[in-house]
Number of protein chains: 2
Amino acid sequence: MNEKVSWILQPTVEDAYNLLKESLSKKRFIIVTGLCKVDYVGRAASKLDWGERVLLIKQDGSLLIHRAKGFEAVNWQPPGSIFTIKQEGGLLVIKSYRKEHQETLTISFRDITLLTSLKLVDEAEFEMHLSEDEMYETISSNPDILEPGFRILSQQRRIDAGVADFTGYDNQGRYTIVEVKRRTVDVKAVKQAYKYLSGFKGKGASVRGIIAAPSISSEASRLATLLGIEFKKIDLSKCVAAHKERMKTSLLEQSDKST
Amino acid sequence: MNEKVSWILQPTVEDAYNLLKESLSKKRFIIVTGLCKVDYVGRAASKLDWGERVLLIKQDGSLLIHRAKGFEAVNWQPPGSIFTIKQEGGLLVIKSYRKEHQETLTISFRDITLLTSLKLVDEAEFEMHLSEDEMYETISSNPDILEPGFRILSQQRRIDAGVADFTGYDNQGRYTIVEVKRRTVDVKAVKQAYKYLSGFKGKGASVRGIIAAPSISSEASRLATLLGIEFKKIDLSKCVAAHKERMKTSLLEQSDKST
DNA sequence: CCGTGGATCTCGTGA
DNA sequence: TCACGAGGTCCACGG
């Protein structure tokens, strides 16, 4: 077997079996395309009759079966599943069992178009920007995004609520509580914010309430107006720009330190 | 291009470009493996540096990038995205744009191990049967599935055992305990049921014991007979029908409320 | 180990 | 098109 990639076009069941067996034991990335049927029994049960699909098996035991269309895999197995393969009546039968949920996935190939076995080298780190944390940090270090002249008094992340809060004064000196959400504000979020705000208003203080997010649903908008909560649109691209600026600055600071 | 499958091992950028271009226009299923980097900007933003991955492009514009491990794709684009490809500085650059969310995914290949282009024929229908919860709910609201005239006294889910229980009276007024399993009953399940039943019989009561499931293994069947436990076959399709009926009813009730 | 909430969730369905 | 709920959701995190 070639170190980097092995493949067989239109393999016999036996050839496919052999390459698959070796690839599984060496924990390689396997791609099988061909005519198959699929059965699943576990938390639910499903059946998929003969058709041409693409099967992916990863070194950690993940398994995915993709059809011609659609984002989602039609059948799958999360990491940690255990494989058994066999030749049976001219078919190549692949079973994947996951103990945790007592799930069994059975894939029978009647005809294999292409069997590929790869060694994938990939040490890169996946970086996700504008996660909730980063949006929060960006606003925190650049309150003008919220509203020009806004001064932050305190900040706090309420993990449980999935919301970041700022308290501060707007440019007219009014005490303000801001709830930041990275995603479209729905009715639920407005209710949540109202509940939270009520706690402050109950103390007799005059409080301005703002929900800051990239967008808001029409219904949530109505409710917010009703409850006297303002919606402040946050331009994500502004966040990205500000975030990049911060990154650049921190890099410069780092290089300053190192010299 | 071959009707069913075309592939190039270690293609030049130009060869890859040409096959990819044709495959995209013909809406074929494309698999690219090789060294690439990935950038995403849209609802969020992400960056993934050079590494070897597997790229899938489907005929409906779905796109998936899979790394060596993990069930989930590291980057993706749901159906309906539009592709542009170009050769740029020795790289093959694939861009996928989705208008709906203004999302852009950019994949740059520096080195392609294998490029595959397939025509997948797959007309099969995917059949999903009941999950455990649904089976339980269905029986609960429709005890006749268990046995005509069965009246449920109490019901209980024992999560730990993966079993749902009903107690009640059969149409002859006999006190009955029913254990429901969504999957084929094996010896283990029968033993478990017997153990559970013994607790009731120990109290001196006369109890009828039933295991309800779609099927039973021959060995489990023998054991059940031996232990005086009855097996009641549950027709999953009846469950499905009843379940659909329930769904319809609850929808009607909802619309009644709203009017 | 279980429960909770987020996700570039995706995907259906109904208004 | 939008809002809502389900999913074999998966997954990370807290307890």
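A quick note: this is a predicted structure, and the numbers were derived from the prediction, not measured. To find a chain, count down the sequence lines: A is the first, B the second, and so on, and within it residues start at 1.
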- So which of residues 221-233 of chain A are in contact with DNA chain C, with a heavy-atom cut-off of under 4.0 Å? none
Spacing between [X] atom [atom1] and [N] atom [atom2], to the nearest angstrom:
X      : N      : atom1 : atom2 : value
A/Q102 : D/dG8  : CD    : C1'   : 14 Å
A/K99  : C/dC1  : NZ    : P     : 10 Å
A/K191 : D/dC4  : NZ    : C1'   : 12 Å
A/Q77  : D/dC11 : CD    : P     : 12 Å
B/M128 : C/dG12 : CE    : P     : 12 Å
B/F126 : D/dT9  : CZ    : P     : 13 Å
A/K47  : D/dG8  : NZ    : C1'   : 18 Å
A/E103 : D/dG7  : CD    : P     : 15 Å

- Between A/A220 and A/H101, whichever has its closest DNA chain D nucleotide further toward 5' is A/A220
Answer whether the closest heavy-atom distance between the side chains of [X] and [Y] falls below 4.5 Å.
X      : Y      : value
A/I211 : A/I216 : no
A/T176 : A/L146 : no
A/I234 : A/V180 : no
B/H66  : A/L64  : yes
B/Y97  : B/T84  : no
A/L227 : A/V190 : yes
A/N75  : A/R53  : no
B/V121 : A/L35  : no

- Task: Would you jot down, in residue-number order, the residues of residues 27-36 of chain A having a non-hydrogen atom under 4.0 Å from DNA chain D?
- Result: none
- Item | Sub-4.0 Å heavy-atom contacts from residues 64-75 of chain A onto DNA chain D, ordered by number | A/N75
- B/Q77 to B/S96 - nearest heavy-atom pair and separation: NE2-O, 3.0 Å
- Message: For B/Q102, is the CD atom crowded, meaning more than 12 foreign heavy atoms sit under 6.0 Å from it?
- Response: no
- NZ/A/K119: more than 12 non-hydrogen atoms of other groups inside 6.0 Å: no
- If you check every side-chain atom of A/R43, which of C/dT10, C/dT8, D/dT9 has the closest atom? D/dT9
- C/dC9 phosphate, OP1 or OP2, under 4.0 Å from B/W76 side-chain N/O: no
- Query: Which sits closer to the 5' end of DNA chain C, B/S46 or B/P79, going by the nucleotide each is nearest to?
  - Reply: B/S46
- Task: Taking atom P in both D/dG8 and D/dC4, compute the distance separating them and give it to the nearest angstrom.
- Result: 22 Å
- Item | P spacing across the pair C/dT8 / C/dT4, given as an integer number of angstrom | 22 Å
- Message: Need one value for A/P78: base, sugar-phosphate or nothing, where a base atom within 4.0 Å counts as base even if backbone is also close, heavy atoms only.
- Response: base
- Task: Indicate yes or no: does B/K47 engage A/E127 in a salt bridge with an N to O separation below 4.0 Å.
- Result: no
